[in-house]
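Counting convention: from 1, in listed order, for ligands and their atoms alike.
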Amino acid sequence: MSEADVVRLLASLRQHRHAGRRSPHKPLLVLFALGQLIATGSSAVSWTADWQRLADLIRDYGPPSTAAPQQRAAYPFTRLRSDAIWTLDHDVPMDRVSPLTANSVVGRLSGPLENALRHPHIAAAAARQLVDAEFPPSVAPDVLLAVGLDPDTILAAAPPPASRRRSPTWAAAILLAWDRQCAFCGFDGQLGAATVGLDAAHIRWFTFDGPDDPDNGLALCSLHHRLFDRGALGLDTDLRITVSSSFTSRTTAGRTTYDLHGRQLQLRPGTTSPAHAHLDWHIREVFKGPALV
Ligand SMILES: [Zn+2]
């Protein structure tokens, strides 16, 4: 199986998404198995030993969900078989937890795919393709680390051909529109004449059809960009900042995040207000609700 075959096979996982819904469960399982392959020489994933780590991965990097942890893990563990890249050592029904537990089922990537992924450049290309398709650049390194892959190696691999072109001017326009200040905390660091520690953040992710429009962008400091893309911070449709009740911290510095809760976004004259449709997408697909009360 060539690199092109692997890329084509994994690209088919994208076909499960519709209407902007995030469903990274299967890609996360493939990444998890790839991490196992690189660490142990086998992509085998034991339900008994590994379901909790898989469930945590989906909870932390998937969309908000109320599914029970084992159920969350059982979905990709059983359903990835239908994509013909995953096999189980017992023939168990889809989505059911108890047969997985009773039989101590072990899953692994299909033989040809596993063999192809033993080549480091194919493994890197595959991992790059999977994270790029599901996550923004601010989140991809965290996902790779979480499955035991080295972000520097993977993100040095050539990205898959883009289906859409990013606007070369959007980021600079967003920073300017927000007066080069974090829309959440007001951070406005500069080094010499250059802005430092400030990003243009998409509200609806670019990889999920978020447009490079003024009403889909916020200037955010690097910390708040990361927290926003991970769903620790959100924005309600009245443009008030929300903090996820799942967010915790132990130190005074970490707890300053709580102070943002309920704060009104400071729009200045001429700044385009974020579009409700993009905020709704972020609330539905990213923010780890419920918010603090
Ligand atoms: Zn900030």
Side-chain angles (χ1 to χ4, degrees), residues 60-61 63-64 135-143 145 151 166-167 169-208 210-276 278-293:
D60 294 343
Y61 297 100
F135 304 101
S138 63
V139 177
D142 293 350
V143 174
L145 274 177
R166 289 176 184 263
S167 157
T169 56
W170 178 81
I174 292 294
L175 294 185
L176 203 59
W178 290 88
D179 199 21
R180 300 199 286 178
Q181 295 181 24
C182 175
F184 287 179
C185 71
F187 176 85
D188 66 344
Q190 288 190 240
L191 192 62
T195 292
V196 62
L198 206 65
D199 304 331
H202 285 91
I203 298 168
R204 178 171 177 150
W205 296 349
F206 186 84
T207 188
F208 280 83
D212 280 340
D213 288 341
D215 64 5
N216 191 36
L218 296 169
L220 292 178
C221 69
S222 303
L223 172 64
H224 291 141
H225 185 191
R226 185 74 73 98
L227 294 179
F228 187 64
D229 281 352
R230 288 283 301 276
L233 292 177
L235 261 186
D236 69 18
T237 49
D238 294 324
L239 302 183
R240 280 186 308 244
I241 301 165
T242 50
V243 177
S244 166
S245 55
S246 304
F247 175 82
T248 57
S249 82
R250 290 174 296 117
T251 64
T252 311
R255 285 198 294 265
T256 59
T257 305
Y258 299 128
D259 299 338
L260 294 172
H261 187 66
R263 188 181 287 185
Q264 193 75 35
L265 203 66
Q266 293 301 312
L267 284 168
R268 36 199 82 242
T271 309
T272 306
S273 185
H276 274 203
H278 303 321
L279 294 174
D280 285 340
W281 183 87
H282 188 275
I283 292 165
R284 193 184 72 220
E285 301 295 332
V286 180
F287 182 67
K288 295 284 199 285
L292 293 178
V293 286

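- Listed by first then second residue, pairs satisfying salt bridge (Lys or Arg N to Asp or Glu O under 4.0 Å) with a partner in residues 283-293 read Arg21-Glu285, not counting sequence neighbours.
- Thr271 contributes a side-chain N or O that, together with a main-chain N or O of Ala177, makes up a donor-acceptor pair within less than 3.5 Å.
- For Arg268, the CZ atom is densely surrounded, since the number of other residues' heavy atoms within 6.0 Å is greater than 12.
- Using the six-membered ring where Trp is involved, Trp281 and Trp205 have ring planes that are perpendicular, over 60° apart on the 30 and 60° scheme.
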Tell me which donor-acceptor pairs under 3.5 Å the side chains of residues 221-237 have, and how far apart each pair is, sequence neighbours excluded?
unit_1, atom_1, unit_2, atom_2, d
Ser222, OG, Gly197, O, 3.2
His225, ND1, Asp199, OD2, 2.8
His225, NE2, Asp229, OD2, 3.0
Arg226, NE, Ser138, O, 3.1
Arg226, NH1, Asp142, OD1, 2.8
Arg226, NH1, Asp142, OD2, 3.0
Asp229, OD2, Ser138, OG, 2.4
Arg230, NH1, Asp142, OD2, 2.9
Asp236, OD1, Asp238, N, 2.9
Asp236, OD1, Leu239, N, 3.1
Asp236, OD1, Arg240, N, 2.8
Asp236, OD2, Arg240, NE, 3.3
Asp236, OD2, Arg240, NH2, 3.3

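- For Thr169, the side chain to side chain donor-acceptor pair (under 3.5 Å) test picks out Ser167, with sequence neighbours left out.
- The tally of protein N/O/S atoms under 2.8 Å from the Zn ion (ligand 1) stands at 4.
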